[in-house]
Structures are given as structure tokens and as C-alpha cells.
Amino acid sequence: MLTKNSDIKTNFSGVDFSKYSSKVSEFVNEFSKRANQKGQFLNWVNLPSEQLKRVDEIYELADKLKAQTGAKKLSVMGIGGSKHTVEHMLSINGLNVRHDVIEFYSDVDSASLERFLYRLGNDVTKSNFMIASKSGSTFETKDGFLRVMDMLVDAYKSQGKSEEEAKKLANKHFIAVTDANAEKSELRRTSNENGWLGDLYIHDDVGGRFSAFDDHALFALAYAGMKKEDMKEMLQAAQDMSELSLSSDLEINDALKEGIFWADAKLNGIEASVHQYMGAIFENTVYWHAQMQNESVKDTLKQVAKVPDAMHHSAEAHFNPANKLVFALTVPVDNGVCKENADAYIGALTKSYEVTGATFVEHIQTKGMGLTPSAAGAMTQLRAFATVYQEIVEKIMKNVEFPEVLDSVLQPHVEFYKKNLKGGVVVPGRISK
């Protein structure tokens with residue numbers, strides 16, 4: 001018998017779920033028939049269980065990369081889901097809190113590059129580099145990778161190495177996370193041709209924003225020191241959440257409840273919504289969730305923010321009676337010295353939101369500076385399911401025909417700006433004179 005994840009407790013207010021009870025099986029069946037089917041971009045549903053088989057391999061690769069260069073840091077070079085999922089997973093698991101193990105570079109301007117190099121002590125040999133790109137030709141990622149490769153070669157040549165020796169040593173610092181098929185991925189061809197370490201994959205039919213349990217995130221967690229047993233617990237909890245999220249029992253299916261919550265607002269003419277995350281644990285979750293919102297729901301009317309930072313400057317809009325909103329609040333369970341004030345603060349926000357509109361409050365169990373591994377896995381998978389369920393609920397309730405592939409898992413509009421980058425406008429790694 002399926003039971004809820006005990007590390008997540010969600011309380012809903014202001015939504016009449018009984019209005020949707022007759023449609024629950026229809027919502028779930030629409031999701032179920034597409035899950036893990038080729039071309040539906042829902043292969044993340046069972047990805048945690050597949051990744052459980054590869055945990056040992058991923059840890060071995062992390063140890064080998066450290067050993068072959070002696071570099072303590074790992075720099076993640078990727079954009080969108082290749083970056084935000086990693087930031088999110090590190091933060092909620094209480095890792096890299098001092099930013100002393102994992103660095104990120106996803107920019108294209110000179111000042112940002114200079115700041116990145118400064119964090120490496122202006123010595124690129126002190127870091128290894130994980131290059132993450134499904135196609136391997138993403139401009140922003142390729143630009144940074146080529147610059148760092150040249151710097152590494154120059155650094156080793158300055159130590160007296162020949163050109164050939166320097167290139168060989170430079171290539172030892174890299175690992176690629178990309179498509180397994182070298183015909184599809186330029187980055188896979190680069191990895192193969194230059195003898196980069198191992199094979200890390202971005203799995204087919206797993207969009208970037210849904211890839212929190214794909215190789216780039218798990219490798220970074222292993223490199224940052226996550227215990228192997230914690231990773232296994234996290235992955236198992238994520239897979240258990242997949243099973244819960246495909247249940248037709250609404251009492252245990254919080255992902256569907258959250259999808260209904262957001263859809264209900266839209267169906268009742270409330271376009272704007274707010275999802276607040278409380279505390280530093282979720283600082284990077286905000287970026288990942290905002291990406292999920294923009295790419296899947298495809299509107300700009302949802303505020304995803306961290307509190308307490310955002311409360312005072314948001315309050316004028318949130319509590320202005322002229323603005324109709326729905327609210328969600330995700331909070332860590334406080335077991336420490338701040339517990340009394342934190343709980344009272346959450347109570348005050350909850351009361352304020354409930355007076356203003358429909359709301360739900362998620363309490364997520366913590367451990368040390370992060371969430372429990374079980375909570376981290378379950379919450380992350382829940383958020384992905386809830387995002388897709390919002391589309392399914394809206395379409396069924398409005399009797400709208402479904403497309404061949406759900407809108408929430410595709411991102412066709414990104415090509416609008418990408419086409420303007422092509423044709424020689426930007427040249428990866430170009431040195432300005």
C-alpha cells in the first residue's frame with residue numbers, strides 16, 4: 001500500500017478538491033499513458049530507479065577525476081537545467097555551503113569570466129571541469145569551455161611542457177555530460193577524440209528542467225561529498241514519489257493536488273500566483289523553479305522568490321485587495337535554536353495568505369544545513385509532476401484537445417533567439433582584439 005512521504009506535509013486552504021474528484025482518474029491516466037514513452041519527454045518519471053543502478057559508477061568517476069589531476073574543485077559549465085538543477089540539488093542537500101568545492105560558469109562577458117577565474121585563484125589547473133550540454137554545441141557553454149581549454153594548455157606550457165604534453169594534461173581536467181550518441185553530440189565527439197574520462201549522460205527524453213536526477217547533478221553531489229547511502233535514499237524517495245504521483249487516490253497524491261491548486265486559480269480567472277520558499281536552503285531552488293515555471297507553464301505571472309528577503313518589498317502587491325492572487329509557501333521544519341520564532345513567522349505568513357486567497361503550505365523535513373535525503377528526493381520529483389499536472393488539469397477541465405506531446409515538456413520558443421546567434425554572429429571562444 002502506498003503511503004505519503006513522511007518528510008513532506010502539505011496543508012491546502014481555499015480550494016474545493018471535491019469539484020475535481022470525478023476527474024482524478026482521467027488526470028492520472030493522461031499522465032500515465034505518456035510516462036516513459038519515447039518522444040514524450042517524460043523519461044524522468046523512472047529516472048531515479050535507473051540511476052540507483054549507477055551510483056557506484058558515478059562515485060568511481062568522481063574519485064578518478066580528482067585523482068588524475070589533483071584538483072580539489074569542480075567547475076560546472078552549463079546553462080539552464082544543466083546548471084540550476086545542480087545548484088538546487090547541492091543547496092537542498094546542505095553541500096558546497098562555503099562554495100569551496102563546486103564553482104559555476106555560465107556567462108559570456110569578460111567581467112564574469114574574470115570573476116570566475118578569480119574564484120579559482122587565477123589558476124585553472126586547480127579545478128576540474130564538467131561540461132554539460134545535451135547537443136554539445138550550446139553557444140554559452142562551448143564559449144566558456146574553449147576559453148578554459150586554451151588557458152589550461154597555456155598554463156602547462158608555461159611549466160615547460162611541450163604543446164602535445166600540455167594538451168594531454170589539459171584534457172585530463174574534463175568530463176562531458178551530453179548525449180550518448182556521438183553522431184548527435186559534438187561534445188561527445190570531443191570527449192571521445194581527446195580521451196576524456198568516463199561516460200556521463202543526459203538521458204533521452206529528459207528535458208533540462210526535469211533533469212535533477214540525471215548524471216550532471218549526481219556527479220556534482222558525489223564530487224561535493226554526499227554520502228553514497230544518502231544519494232541512494234534520495235533516489236529511492238524520488239522514485240517512491242513517482243509512484244505516489246501516479247496514484248488515483250487524491251489523498252496521497254500531493255503532486256496532483258498542487259497541479260489542481262494552480263490550475264484552479266487559472267480556471268477561476270486568477271492569472272497571477274506566488275510561490276515563496278523560506279530560508280537559505282532553498283536559495284537556488286528559486287532559480288530552478290522559476291525556470292520550470294517559465295519553460296513549462298510559459299507565462300510570466302508567477303513570482304517565485306525566497307523569503308524573508310522578498311516579503312517586505314512584495315507585501316504591497318501581495319496584500320493589495322485590488323490584486324487577486326493564490327499563494328504557496330514551502331518551509332523547512334525548524335529543529336534548532338530559531339524554532340520558536342521561525343514557527344511563529346510561518347504562522348503569521350500563513351494567516352495573512354489564507355485571508356487573501358487560496359494557499360498551501362509545504363513543511364519539508366530538515367537535517368543539518370539541508371533537507372533529509374528523502375525529503376530532497378521527494379520534493380524535487382513532486383515539483384516536476386505538479387508542473388505537468390497543471391497543464392493536464394487545465395486542458396481536461398476546459399475540454400481542450402491534447403497535443404501529441406504535452407506543451408509543458410517542450411520549449412519551442414527558445415529557438416526564437418537561438419536562430420539570431422547563428423550564422424557567425426557569435427563565435428565560441430573568440431578572442432576580442
Side-chain angles (χ1 to χ4, degrees), residues 58-79 82-83 86 90 95-96 98-133 136-178 182 185-200 215-216 219-220 222-225 426-433:
I58 286 169
Y59 275 81
E60 286 169 11
L61 285 172
D63 289 341
K64 283 181 182 177
L65 186 59
K66 291 177 184 179
Q68 71 183 20
T69 65
K72 298 282 195 297
K73 282 194 170 186
L74 177 71
S75 293
V76 177
M77 306 188 86
I79 63 167
S82 296
K83 178 180 186 244
V86 180
L90 287 168
L95 297 168
N96 201 47
R98 291 188 293 184
H99 304 278
D100 53 344
V101 183
I102 310 293
E103 292 286 355
F104 293 89
Y105 182 71
S106 59
D107 295 290
V108 297
D109 65 290
S110 303
S112 295
L113 179 61
E114 190 172 339
R115 289 161 71 101
F116 169 62
L117 296 174
Y118 178 77
R119 294 196 302 273
L120 297 183
N122 290 308
D123 184 355
V124 288
T125 68
K126 298 300 183 186
S127 180
N128 293 315
F129 300 87
M130 182 174 72
I131 315 301
S133 167
S137 57
T138 306
F139 163 71
E140 297 89 341
T141 304
K142 186 176 179 181
D143 183 68
F145 150 58
L146 291 177
R147 292 183 192 281
V148 167
M149 175 61 85
D150 286 345
M151 292 176 199
L152 279 165
V153 172
D154 288 344
Y156 282 118
K157 284 169 66 176
S158 71
Q159 295 177 11
K161 307 295 183 185
S162 68
E163 181 84 18
E164 184 180 352
E165 289 173 327
K167 286 182 179 178
K168 202 171 284 186
L169 288 168
N171 279 303
K172 287 182 178 292
H173 287 262
F174 292 94
I175 192 163
V177 193
T178 186
S185 171
E186 178 184 333
L187 182 58
R188 179 63 64 202
R189 295 194 294 274
T190 299
S191 175
N192 292 344
E193 290 164 7
N194 292 287
W196 288 9
L197 175 69
D199 292 310
L200 294 176
D215 286 10
H216 55 294
F219 185 83
Y223 202 102
V426 292
V427 180
R430 176 168 51 188
I431 304 296
S432 299
K433 304 301 181 186

request  = Identify, with sequence neighbours excluded, every residue that meets side chain to side chain contact (heavy atoms under 4.5 Å, CB included) alongside V426.
outcome  = F139, L421
query = Does K167 NZ have over 12 foreign heavy atoms under 6.0 Å away?
reply = no
request  = Return yes when atom NZ of K73 has more than 12 non-hydrogen atoms of other residues, nucleotides or ligands closer than 6.0 Å, and no otherwise.
outcome  = yes
query = From M149 CE over to T190 OG1, what is the distance, rounded to the nearest 0.5 angstrom?
reply = 8.5 Å
query = About how many Å separate NZ of K172 and OG1 of T125, when rounded to the nearest 0.5 Å?
reply = 14.5 Å
remark   = So CD1 of I79 and CG of D143: to nearest 0.5 Å the spacing works out to 11.5 Å
note = In terms of heavy-atom contacts, G136 and T178 come closest through N-OG1, 4.0 Å
query = Which pair of heavy atoms, one from K157 and one from A166, lies closest together, and at what distance?
reply = CG-CB, 3.6 Å
task = Using the six-membered ring wherever Trp is involved, compare the ring planes of W196 and F174 and label them parallel, tilted or perpendicular (cut-offs 30° and 60°).
result = parallel
ask   = Can D107 and F116 be said to form a side chain to side chain contact (heavy atoms under 4.5 Å, CB included), step by step?
value = CA-CA 9 Å; D107 295 290; F116 169 62; over 6 Å; no
request  = Return the minimal non-hydrogen interatomic distance between I131 and L187, and the atom names on each side.
outcome  = O-CD2, 3.4 Å
request  = Report yes if some heavy atom in the side chain of V148 is under 4.5 Å from a heavy atom in the side chain of H173; otherwise report no.
outcome  = no
Interatomic distance, I102 atom CD1 to N96 atom CG [nearest 0.5 angstrom] = 5.5 Å
inquiry  = With a sphere of 6.0 Å drawn around CD of Q159, does it hold more than 12 non-hydrogen atoms of other residues, nucleotides or ligands?
reply    = yes
remark   = Scanning both residues in full, the closest heavy-atom pair of M130 with V177 reads CG-CG2, 3.5 Å
inquiry  = Under 6.0 Å between ring centres: does that hold for Y105 and F129?
reply    = no
ask   = Does any N or O in the side chain of R147 come within less than 3.5 Å of the main-chain N or O of R430, such that one atom is a donor and the other an acceptor?
value = yes
inquiry  = With rounding to the nearest 0.5 angstrom, report the CG to CD1 distance, L146 to I431.
reply    = 9.5 Å
request  = Start with the C-alpha distance between V76 and H216, add both sets of side-chain angles, then the distance that settles side chain to side chain contact (heavy atoms under 4.5 Å, CB included), and finish with yes or no.
outcome  = CA-CA 9 Å; V76 177; H216 55 294; over 6 Å; no
key: For A170 against V153, the heavy-atom pair lying closest together   = CB-CG2, 3.9 Å
Verdict with reasoning, E186 to K142, per side chain to side chain contact (heavy atoms under 4.5 Å, CB included) = CA-CA 10 Å; E186 178 184 333; K142 186 176 179 181; 2.6 Å; yes
task = Could you check K66 against L74 for side chain to side chain contact (heavy atoms under 4.5 Å, CB included), going step by step and ending with a plain yes or no?
result = CA-CA 9 Å; K66 291 177 184 179; L74 177 71; over 6 Å; no
inquiry  = Could you tell me if the side chain of L120 sits less than 4.5 Å from the side chain of S75, heavy atoms only?
reply    = yes
message = Measuring from atom NZ of K126 to atom NZ of K72, what distance do you get when rounded to the nearest 0.5 angstrom?
response = 8.0 Å
task = For residues M77 and F145, report the shortest heavy-atom separation together with the two atoms involved.
result = CE-N, 3.7 Å
task = Indicate whether any N or O donor in one side chain lies under 3.5 Å from an N or O acceptor in the other, for T141 and S133.
result = no
key: Pairing of R188 and D199 as salt bridge, 4.0 angstrom limit   = yes
task = Look at the side chain of S158 and the backbone N and O of A155, then say whether any donor-acceptor pair between them is shorter than 3.5 Å.
result = yes
